[in-house]
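Worksheet: one structure, shown below.
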Amino acid sequence: MEPVIIVLIILVVLVFIALIKTIQVIPQASAAIVERFGRYTRTLNAGLNIVVPFIDTIRNRIDLREQVVPFPPQPVITQDNLVVNIDTVIYYQVTDARAATYEVASYIQAIEQLTVTTLRNIIGGMDLERTLTSREEINAALRGVLDEATGKWGIRVNRVELKAIEPPTSIQDSMEKQMRADRDKRAAILTAEGIRQSQILTAEGEKQSAILRAEGEAKAAALRAEGEAQAVRTVFEAIHAGDADQKLLSYQYLQMLPKIAEGDANKLWIVPSEIGDALKGLSGAFGNNFGPGGGNSGGGSDSATERREKPQVTD
């Protein structure tokens, strides 16, 4: 009985193992390659799958989701013979599990080498400045070449990104100095422009102030002249209304002479010729009020005659 029990146990174990190998569960977004006696048979999709145990074998399980693979920095020579290190990131997706398994030994390594080769060809036709400013152009060129080459491998390259472009240290120092010089230049230009604008505004303000001041002075002068003219007209009308004679006019003329001579700027005063006529008029006007010893040395004969005739009349 014991050998029979042992055989039954062995059979049960074999059946259990066969069941395990017969039922294959494939996760979502995955695929499995099935080979029968070393030859490709079919591709298992997501879900529950049945295979022939001990005859069908699972060759490879492939993830069909989009993958991200960063590549280490690669030294690349530009057109102006400068070595730059470029980091790349590839976004790819397996579209055909069979082709990815049998068309290329290692599609990751193949994509990396193809990326490096293509990158060197593209950067070799650009100088450093264009390389630093043409990332989109380089990405598009890389994606086009990789997508065309990896299509037969069952790979679709969705996106290629340049993660970093590092020029030599000496070039970085030169670029920093150039950028600093450009910033200083722009700052100096802005400062000069601000000073220029300030000076223009100041000059414009002074101009407007001078114009307003001149207009005010002109109006004030006009008003003063108008007031003086009005005063002269008033005096003139008053004199004519009072029927002033030559004697009163001569007296007023003599009263104005000291005012004409007033002022610190009058260093030299010229006596006008009309003062003789004024004095003559005054001597005629006040001759009757002068005393016996008084009188004018010139033109006083008429006054003396009147003084000599008065005692005779009194007697």
Side-chain angles (χ1 to χ4, degrees), residues 66-92 111-112 114-148 157-229 263-265:
E66 186 174 7
Q67 305 292 321
V68 181
V69 179
F71 295 142
Q74 299 295 329
V76 181
I77 300 176
T78 61
Q79 188 178 12
D80 45 0
N81 297 325
L82 294 175
V83 179
V84 295
N85 293 322
I86 300 180
D87 296 350
T88 54
V89 179
I90 304 296
Y91 296 81
Y92 73 93
I111 292 175
E112 179 181 0
L114 184 59
T115 300
V116 172
T117 305
T118 306
L119 192 61
R120 288 176 178 172
N121 292 334
I122 296 173
I123 300 300
M126 298 181 177
D127 55 9
L128 179 61
E129 184 176 358
R130 185 181 174 189
T131 301
L132 295 174
T133 58
S134 303
R135 293 197 177 193
E136 292 296 332
E137 180 181 353
I138 298 173
N139 293 341
L142 271 174
R143 184 181 180 279
V145 173
L146 291 175
D147 198 22
E148 181 180 359
V157 177
N158 297 326
R159 191 178 182 86
V160 180
E161 291 291 342
L162 299 182
K163 187 168 63 174
I165 301 177
E166 298 180 359
T169 305
S170 58
I171 300 299
Q172 292 181 11
D173 295 338
S174 300
M175 292 172 63
E176 290 178 0
K177 291 179 181 179
Q178 182 179 1
M179 292 176 61
R180 191 180 302 111
D182 291 339
R183 287 195 296 268
D184 294 340
K185 177 182 176 182
R186 288 195 297 269
I189 291 174
L190 292 176
T191 303
E193 185 67 23
I195 294 174
R196 173 176 172 273
Q197 190 68 21
S198 175
Q199 292 177 349
I200 290 174
L201 293 176
T202 302
E204 188 69 22
E206 293 178 353
K207 175 184 174 182
Q208 294 294 331
S209 177
I211 292 173
L212 295 176
R213 191 182 302 110
E215 291 178 354
E217 291 177 355
K219 291 181 180 179
L223 291 176
R224 284 196 299 270
E226 185 178 354
E228 291 176 358
D264 297 336

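Quantities reported herein were computed from a predicted structural model and do not represent experimental measurements. Hydrogens, waters and symmetry mates are skipped; everything else that's a heavy atom, side chains included, is used.
Pairing each heavy atom of Asp80 with each of Leu128, the nearest pair is OD2-N, 3.3 Å. Heavy atoms only, all atoms of each residue included: Gln79 and Gly125 are closest at OE1-O, 3.3 Å. The nearest pair of heavy atoms linking Asn85 to Pro75 is OD1-CA, 3.5 Å. Here the closest heavy-atom approach between residue Ile165 and residue Thr131 is recorded as CD1-O, 3.6 Å.
For the side chain to side chain contact (heavy atoms under 4.5 Å, CB included) with Ile138, the qualifying choice from Thr118, Val160, Ile123 is Ile123, the only one to do so.
Using a 4.0 Å cut-off between charged side-chain N and carboxylate O, Glu137 and Arg130 make a salt bridge.
Taking CD1 of Ile195 as the start and CG of Leu190 as the end, the distance is 11.5 Å to the nearest 0.5 Å. Interatomic distance, CG of Asn158 versus OH of Tyr91, reported as 10.5 Å (0.5 Å rounding). Atom-to-atom distance recorded for Gln199:CD and Glu206:CD is 10.5 Å, nearest 0.5 angstrom. Between the CG atom of Asp184 and the CE atom of Met179 there is a distance of 12.0 Å, given to the nearest 0.5 Å.
More than 12 heavy atoms of other residues, nucleotides or ligands sit less than 6.0 Å from atom CG of Leu132. Within a 6.0 Å radius of CZ in Arg135, more than 12 heavy atoms belonging to other residues, nucleotides or ligands are found. Atom CD of Glu226 sits in a sparse spot, with 12 or fewer heavy atoms from other residues, nucleotides or ligands closer than 6.0 Å.
Side chain of Asn81 to backbone of Ile77: no donor-acceptor contact under 3.5 angstrom is found. Judged by distance alone, the side chain of Thr191 and the main-chain N or O of Ala187 form a donor-acceptor pair under 3.5 Å.
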Discussion item. Before you tell me yes or no, could you show the steps for Leu162 and Leu142 under side-chain contact (heavy atoms from CB on, under 4.5 Å), namely the whole-Å CA-CA distance, both residues' side-chain angles and the distance that decides it to 0.1 Å?
Written reply: CA-CA 10 Å; Leu162 299 182; Leu142 271 174; 4.2 Å; yes

Worksheet item: side-chain contact (heavy atoms from CB on, under 4.5 Å) between Val69 and Ile111: does it pass, once the steps are laid out?
Response: CA-CA 10 Å; Val69 179; Ile111 292 175; over 6 Å; no

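Contact of the Ile86 side chain with the Gln74 side chain is not registered, since no non-hydrogen atoms from C-beta on lie closer than 4.5 Å. Between Asn139 and Glu161 there is a side-chain heavy-atom pair separated by less than 4.5 Å. A 4.5 Å side-chain heavy-atom check between Thr115 and Ile90 finds at least one atom pair inside the cut-off. Contact annotation: the side chain of Pro72 approaches that of Glu112 to within less than 4.5 Å [non-hydrogen atoms, C-beta and beyond]. Counting heavy atoms from C-beta on, the side chains of Val76 and Ile122 never come closer than 4.5 Å.
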